[in-house]
Amino acid sequence: MLSHQTIRIWWVLILFPAIIHLCAEEKLPVPQNAKVTLSCDREEYFLGENILVHFKLENTGGAAFNANFGHDYRGAARALRFKVTATDQNGESVADPYPSSMCMGGLGDTREITPNKPFYHSVPIVRYLRFEKAGTYVIKIHHDCGWQESAERGFPEGKIVLHLKSPTKEQARELVQSWLAERPYQGSTWGEKSNPHADFSQIRFGEYLAPLSDEAKKGNENALVGVGSIATPEATRLLIEVAKTKNGPIRKIACPQLCMRLPDPFLTGELGKRNIFEDGREEPRRWLVENSWRKEFSTDVRKLASELLRDPDKDWVATGAYMMECVGTKSDAPLIVAALKREVKNTLSYELRTDIYPRPRGACIELQRAAKMMLKRGVSAPENPTSPGESILFLIALQDNAAFRPEGWMQTCDRLLQNDIPYIQENTLKAVPAPMPRLLQKHLAPILKSGDIDASIEACRIIERDKLTDLKEPILAVLRTATEDWLFRAASSAALAIDAKYERIEILVGRLDEPDMMFKCLDALKTIFTNTGGGSANSNIDIPAAARRIKPKWQTFIKENKAYLESGETFNLPHHKVTADMFPEGYYMSLKDGTHWPKPDNWK
């Protein structure tokens with residue numbers, strides 16, 4: 001099924017640079033006695049093999065030094081702090097298959113390197129280099145190791161020469177058989193060389209398609225991933241054939257591989273990202289599309305998508321919708337509208353997800369993207385929608401097309417804002433032109449009181465955007481009770497925008513000792529400081545005790561500075577009125593001048 005990058009914890013990305021800083025500690029100059037060498041198990045490899053280059057960091061003699069590794073792989077295709085380049089015998093550079101990657105950090109470690117204790121890491125260079133032809137290549141690798149390079153001393157770099165050759169049909173068959181027979185790779189031991197193992201996602205060469213085909217048709221996951229890595233029309237045809245099977249488990253493996261090579265309108269800029277943190281893997285997908293997609297495949301993919309859109313499983317519906325985004329035509333619009341009708345109604349029973357935002361609400365987001373493409377391809381939006389599916393199509397046109405203002409559009413929006421399905425209310429709020437017409441503003445307060453989180457978030461955003469000060473009390477009421485992250489932040493931002501500054505501060509301070517609210521409130525209270533950016537917090541403390549300790553200090557602080565805070569003035573840190581004991585242990589803020597306050601205890 002279609003898979004998308006999601007955000008698991010929103011603040012991991014926001015605070016990531018600070019987390020890296022803490023993990024990597026203070027950067028020191030590159031040690032003079034640090035040396036990097038590279039080695040391989042063989043000097044010659046076949047194209048398509050998983051080539052492990054063993055990176056060795058050693059101490060050539062003298063004082064021990066520390067080297068930091070990690071924090072650079074979660075959500076990425078590889079460890080990003082390793083820098084790998086290659087040139088062929090003609091001096092031409094080898095392309096990077098993943099030139100831009102999102103990363104959400106990961107575990108890391110600092111190792112002491114002594115003359116008799118080197119550090120090893122086996123670098124899978126096919127994840128850094130897309131070799132496309134046989135030849136002789138010079139590979140270079142370096143890592144920052146947590147050091148600060150200078151004009152006098154750069155990062156130590158290793159170099160190795162490798163010979164790559166194309167396999168014959170028989171050799172390709174033997175290699176595939178040996179790869180498929182391997183036990184599942186269990187990962188590497190930190191600081192040691194890895195054992196040789198296959199990487200089916202990086203095979204890439206058409207010579208391996210035939211020996212992979214039989215196992216792929218049987219639903220072997222590794223074989224299907226291998227086929228998915230091969231950028232040829234023949235591989236696409238095979239994936240379509242396997243995806244059309246009625247065997248659900250096999251289809252579940254084949255469809256994501258097929259979807260990776262469809263001509264996604266996102267890749268041409270016709271559609272945006274699903275959320276700001278989505279890693280669309282644009283470069284490898286463009287490479288697959290350019291080399292393996294042909295227009296004549298569209299008919300079979302549309303037929304498959306039509307079947308999936310009728311499936312009762314929301315994940316299959318989302319997959320069918322994505323396929324229609326890519327290759328659907330005007331004649332497919334009724335299927336999209338019918339699927340939207342079912343899925344919008346189903347939002348009433350779907351559990352609210354907290355691991356991703358915007359929330360997919362079943363297949364709705366993907367169906368809306370497909371509907372957006374139907375409109376771009378010439379489908380006419382209904383001017384007087386009568387079903388949930390038609391309503392969403394109407395709202396997409398209203399939001400995206402400034403010329404789409406059919407007679408009675410405002411009355412239609414008035415009706416949709418009273419719909420029994422909160423998802424329709426939410427989408428209507430998103431679609432209504434700014435500033436919101438007065439006729440429609442009457443619905444904002446009832447929606448804020450309704451208890452639907454996502455519709456309330458959109459109401460908060462309109463109040464903030466249009467500065468609707470007469471809705472101060474409904475906004476403050478939400479701020480007093482909201483616990484869901486996105487609603488809490490939306491209500492906080494709206495209160496700030498409509499000049500409820502001090503009331504907002506009082507509410508935030510008053511909620512410091514509520515369960516799971518201390519860090520949220522402290523983050524929101526940063527608006528009273530002039531020069532703060534990100535920061536970090538230590539959650540491995542007695543949070544309830546810390547909240548009980550700091551709350552009275554904040555109450556005293558805001559009471560003593562009430563007039564100053566009511567005026568909207570802010571404090572520039574460090575400031576004598578703002579004391580470190582107003583914050584829990586391990587909490588600090590990054591300041592705009594590059595310093596931190598309060599100064600972390602473990603920093604010099």
Side-chain angles (χ1 to χ4, degrees), residues 10 347-348 351-354 357-359 361 413-414 416-430 432 434-528 547-548 550-552 554-555 557-559 561-562 565-568:
W10 68 271
T347 61
L348 292 168
E351 184 179 355
L352 185 79
R353 289 181 61 178
T354 58
Y357 192 86
R359 291 174 251 272
R361 296 297 187 94
C413 289
D414 183 56
L416 294 178
L417 284 170
Q418 301 174 68
N419 196 282
D420 292 336
I421 303 175
Y423 190 72
I424 290 181
Q425 296 178 350
E426 173 193 343
N427 279 272
T428 305
L429 292 174
K430 289 179 180 178
V432 168
M436 188 180 209
R438 276 203 164 276
L439 171 69
L440 305 179
Q441 290 179 18
K442 64 187 178 185
H443 298 293
L444 294 173
I447 286 174
L448 288 174
K449 293 177 183 178
S450 70
D452 184 82
I453 288 176
D454 284 348
S456 296
I457 289 171
E458 294 307 321
C460 288
R461 289 173 176 165
I462 287 175
I463 292 167
E464 176 184 3
R465 182 196 68 199
D466 295 348
K467 296 189 169 40
L468 303 178
T469 55
D470 55 333
L471 289 168
K472 178 189 292 188
E473 287 308 316
I475 282 292
L476 294 178
V478 173
L479 187 59
R480 289 187 187 99
T481 59
T483 56
E484 195 275 335
D485 286 342
W486 295 95
L487 179 57
F488 174 77
R489 288 197 296 278
S492 176
S493 295
L496 194 63
I498 60 176
D499 205 26
K501 296 181 178 64
Y502 190 75
E503 297 100 317
R504 169 183 174 273
I505 292 169
E506 280 188 310
I507 291 170
L508 295 174
V509 170
R511 299 191 66 186
L512 279 168
D513 58 350
E514 291 183 18
D516 300 320
M517 291 303 297
M518 181 180 72
F519 291 126
K520 293 178 186 178
C521 291
L522 286 174
D523 186 61
L525 284 165
K526 286 181 183 177
T527 57
I528 71 170
R548 290 192 298 270
I550 70 172
K551 180 177 177 178
W554 272 95
Q555 288 173 323
F557 169 76
I558 65 171
K559 184 177 180 181
N561 296 280
K562 181 177 180 180
L565 292 167
E566 283 181 328
S567 71

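Residues: numbered from 1 along the sequence shown. The shown structure was predicted, so the numbers you read here are calculated from the model rather than taken from an experiment.
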- Query: Mind checking whether Thr428 and Asn419 have side chains closer than 4.5 Å, heavy atoms only?
  - Reply: no

- Note on the structure: Minimal heavy-atom distance between Ala455 and Glu426, with the atoms involved, is CA-CB, 4.0 Å

- Query: With a 4.5 Å limit on heavy-atom distance, are the side chains of Arg548 and Leu512 in contact?
  - Reply: no

- Item | Any donor-acceptor pair under 3.5 Å from Ser450 side chain to Ile447 backbone | yes

- Item | Sequence neighbours excluded - salt bridge (charged side-chain N to carboxylate O under 4.0 Å, His left out) pairs with any residue from residues 437-452 | Asp414-Lys442

- Would a 4.5 Å heavy-atom cut-off, applied to side chains only, mark Leu348 and Pro422 as touching? yes

- Check ring-ring contact (aromatic ring centres under 6.0 Å, His included) between Phe557 and all other residues, then give those that pass, not counting sequence neighbours. Trp554, Phe571

- Message: Are the side chains of Arg511 and Thr483 in contact, using a 4.5 Å heavy-atom criterion?
- Response: yes

- Message: Could you work out, with side chain to side chain donor-acceptor pair (under 3.5 Å) as the rule, every residue matching Gln555, not counting sequence neighbours?
- Response: none

- Side-chain touch Lys501/Leu496, heavy atoms, less than 4.5 angstrom: yes

- Item | Side-chain heavy-atom pair Ile475, Leu468 within 4.5 angstrom cut-off | no

- Query: Can you list every pair that meets salt bridge (charged side-chain N to carboxylate O under 4.0 Å, His left out) and has a residue in residues 465-479, with sequence neighbours left out?
  - Reply: Lys472-Glu503

- Please report the shortest heavy-atom distance between Leu429 and Ala459, naming the atom on each side. CD1-N, 3.8 Å

- Item | Residues in side chain to side chain contact (heavy atoms under 4.5 Å, CB included) contact with Arg461, at least two apart in sequence or another chain | Tyr357, Ile457, Glu458, Trp486

- With Gln425 via side chain to side chain donor-acceptor pair (under 3.5 Å) - residues at least two apart: none

